[in-house]
Structure formats: C-alpha cells, structure tokens
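Positions are given from 1, in the same order as the sequence printed here. Below, all heavy atoms of this structure are taken into account, side chains as well, without hydrogens, waters or symmetry copies.
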Amino acid sequence: GISVLSYKSRKRLSAFFRIGEFMKKHFWVGVLVLAVGCSKCEFLSPEGGFKVKLSGTPKKQKQQVSGIEINTYTVQKGDDTMVVAYSDLPIPLNEPVEKVQDRLDGSRVGMLKNSNAVLVEEDKIQLAGGHPGREIRATLADQKGELRARFWLVGNRLYQVLVTGPPTFTDSTEATTFLQSFELTKK
C-alpha cells in the first residue's frame with residue numbers, strides 16, 4: 001500500500017535530499033583538489049634522511065653507476081623536471097676542506113657532463129649544519145632549456161636537488177621553492 005508521510009517526515013526527507021545534492025555538487029570539487037595535488041607538498045625520505053617540497057608524487061629509482069648506488073626521486077610534467085638524489089660515496093669521513101671542495105668541483109663537472117650542459121653561474125653554499133655545497137645554473141645543449149642545481153657533501157653522502165626545463169619553469173617560484181626547501185632530517 002501507499003504510506004502517507006507526516007509533514008515532519010517529509011521535511012526531514014527533503015532536508016536529507018538537499019544535503020545529498022549539496023554533497024554531490026561539492027564532493028567532486030574536493031576530489032579535484034586532491035587529484036591536482038598541492039604545489040608545495042612536503043616529501044620525506046626516511047632512508048635518505050631528508051625532506052623537500054615537491055609539486056607531485058615523485059617516482060623513485062635506484063641505479064648503480066661505477067659501483068655507487070644512486071637513489072633518485074623525480075617529478076616530471078612535460079619538459080619540467082624536479083629531481084632530488086643521494087648517494088653514499090666510498091670516501092673517508094672528515095676530509096680536509098680543500099679535499100671536500102675538490103669533490104664538489106668533481107660533482108659539478110660530472111653533473112654538467114652527464115647533462116650535456118654549459119656552466120653559466122656557480123656559487124658556494126652551505127646547508128644547515130655547515131655542510132659545504134654548490135649552486136649552479138647551466139644551459140642545456142641544443143636549446144633544450146636550463147638546469148639549476150644545488151648539491152652538498154654531508155660526510156660521505158652526496159645530496160643533489162635540481163630542476164631542468166625552459167627558463168619559465170627553472171626560474172619559477174615553484175622551482176625556486178623546491179631547490180631552497182631541501183633539509184636534512186637525520187642528525
């Protein structure tokens with residue numbers, strides 16, 4: 001049979017369906033925000049001992065180069081690329097400052113060679129805790145864009161953060177925030 005709802009019951013059902021319509025309309029907005037992601041999400045690598053702000057979920061990769069394991073985390077959107085990497089080098093701890101600077105020179109030379117890039121600018125920098133590093137800017141061959149990178153030697157671990165792409169990306173707030181956000185999490 002047909003049941004007749006009271007006025008109060010009809011009002012409650014009506015309110016319920018209005019809430020349902022509201023949720024249906026606004027649910028997709030929430031899903032869209034989650035799917036797009038945030039431009040400054042913090043990425044933490046417990047095994048790497050660092051954190052950094054990335055705009056996307058990085059793809060992790062391990063590779064062996066000349067017997068050294070390199071751990072990389074990459075976010076790529078079209079021609080825009082952000083990379084954070086670390087590797088433990090077979091070098092003694094507590095080397096003299098001159099030797100550490102030589103190793104940083106070697107890291108720069110290797111990075112430029114592997115990227116087929118020409119150095120434009122270089123500065124000596126320090127990571128919190130006094131760890132020596134370099135900041136470089138380079139032009140990629142064949143008009144493929146630019147490379148900006150920061151790298152540090154912390155004990156025997158080499159950390160690298162870099163961006164590549166057109167200057168509109170490498171000079172962007174997003175790229176600069178990423179490069180400047182690198183922090184150690186292990187003491």
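Leu162 and Leu184 sit in two unconnected hydrophobic clusters of ILVMFWY residues. Membership requires side-chain heavy atoms under 4.5 Å apart, directly or through other members. Val161 and Met82 fall within a single hydrophobic cluster, where Ile, Leu, Val, Met, Phe, Trp and Tyr are joined by side-chain heavy atoms under 4.5 Å apart, directly or via other members. Under a hydrophobic clustering in which Ile, Leu, Val, Met, Phe, Trp and Tyr are joined whenever their side-chain heavy atoms come within less than 4.5 Å, directly or via other members, Val100 and Ile91 fall into the same cluster. In terms of hydrophobic clustering, with Ile, Leu, Val, Met, Phe, Trp and Tyr side chains grouped at heavy-atom distances under 4.5 Å, Val75 and Phe50 are assigned to a common cluster. Hydrophobic clustering, with ILVMFWY side chains joined whenever heavy atoms are under 4.5 angstrom apart, keeps Tyr86 apart from Met111.
Closest approach of Arg137 to Glu146, counting heavy atoms only: NH1-OE1, 3.0 Å. Annotation for Pro166 and Asp80: closest pair CD-OD1, 3.5 Å, computed over non-hydrogen atoms. Contact record, Leu158 with Ser107: CD2-OG, 3.6 Å, taken as the closest heavy-atom pair.
Under the salt bridge (charged side-chain N to carboxylate O under 4.0 Å, His left out) criterion, Lys59 pairs with no residue at all, not counting sequence neighbours. The ring pair (Phe, Tyr, Trp, His ring centres under 6.0 Å) search around Phe43 returns Tyr73, not counting sequence neighbours. For Glu95, the side-chain hydrogen bond (donor to acceptor under 3.5 Å, both in side chains) criterion is met by Arg103, not counting sequence neighbours. In this view, Phe169 satisfies the ring pair (Phe, Tyr, Trp, His ring centres under 6.0 Å) rule with no residue, not counting sequence neighbours. The side-chain hydrogen bond (donor to acceptor under 3.5 Å, both in side chains) search around Asn156 returns none, not counting sequence neighbours. Not counting sequence neighbours, the partners of Thr176 by the side-chain hydrogen bond (donor to acceptor under 3.5 Å, both in side chains) test are Arg148. Residues forming a salt bridge (charged side-chain N to carboxylate O under 4.0 Å, His left out) with Lys99 (at least two apart in sequence, or on another chain): none. Partners of Asp102 according to the salt bridge (charged side-chain N to carboxylate O under 4.0 Å, His left out) rule, which considers only residues two or more places apart in sequence or in another chain, do not exist here.
The structure places NZ of Lys51 at 4.5 Å from CD of Glu42, a figure rounded to the nearest 0.5 Å. Going from atom CZ of Arg157 over to atom CG of Asp88 covers 4.0 Å, rounded to the nearest 0.5 Å. With values rounded to the nearest 0.5 angstrom, Leu147 atom CG is found 11.0 Å from Asn114 atom CG.
Sorted by first then second residue, the salt bridge (charged side-chain N to carboxylate O under 4.0 Å, His left out) pairs that include residues 161-170, not counting sequence neighbours, number zero. Here ring pair (Phe, Tyr, Trp, His ring centres under 6.0 Å) pairs that include residues 107-164, with residues two or more places apart or in two chains, are Trp152-Phe182, Tyr159-Phe182.
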Side-chain donor-acceptor distances from residues 116-130 under 3.5 Å, at least two apart:
unit_1, atom_1, unit_2, atom_2, d
Glu122, OE1, Arg108, NE, 2.9
Glu122, OE2, Arg108, NE, 2.8
Glu122, OE2, Arg134, NH1, 2.8

Could you pull out all donor-acceptor pairs under 3.5 Å where a side-chain atom in residues 61-72 meets a protein atom, sequence neighbours excluded?
unit_1, atom_1, unit_2, atom_2, d
Thr72, OG1, Gln61, O, 3.4

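Side chain of Lys77 to main chain of Ser55: a donor-acceptor pair is present (N/O by atom type, distance under 3.5 Å, no hydrogens or angles). Between the side chain of Thr185 and the backbone N or O of Gly49 there is at least one donor-acceptor pair closer than 3.5 Å.
Around CG of Asp171, the count of heavy atoms belonging to other residues, nucleotides or ligands within 6.0 Å exceeds 12.
A heavy-atom distance below 4.5 Å is found between the side chains of Leu104 and Pro132.
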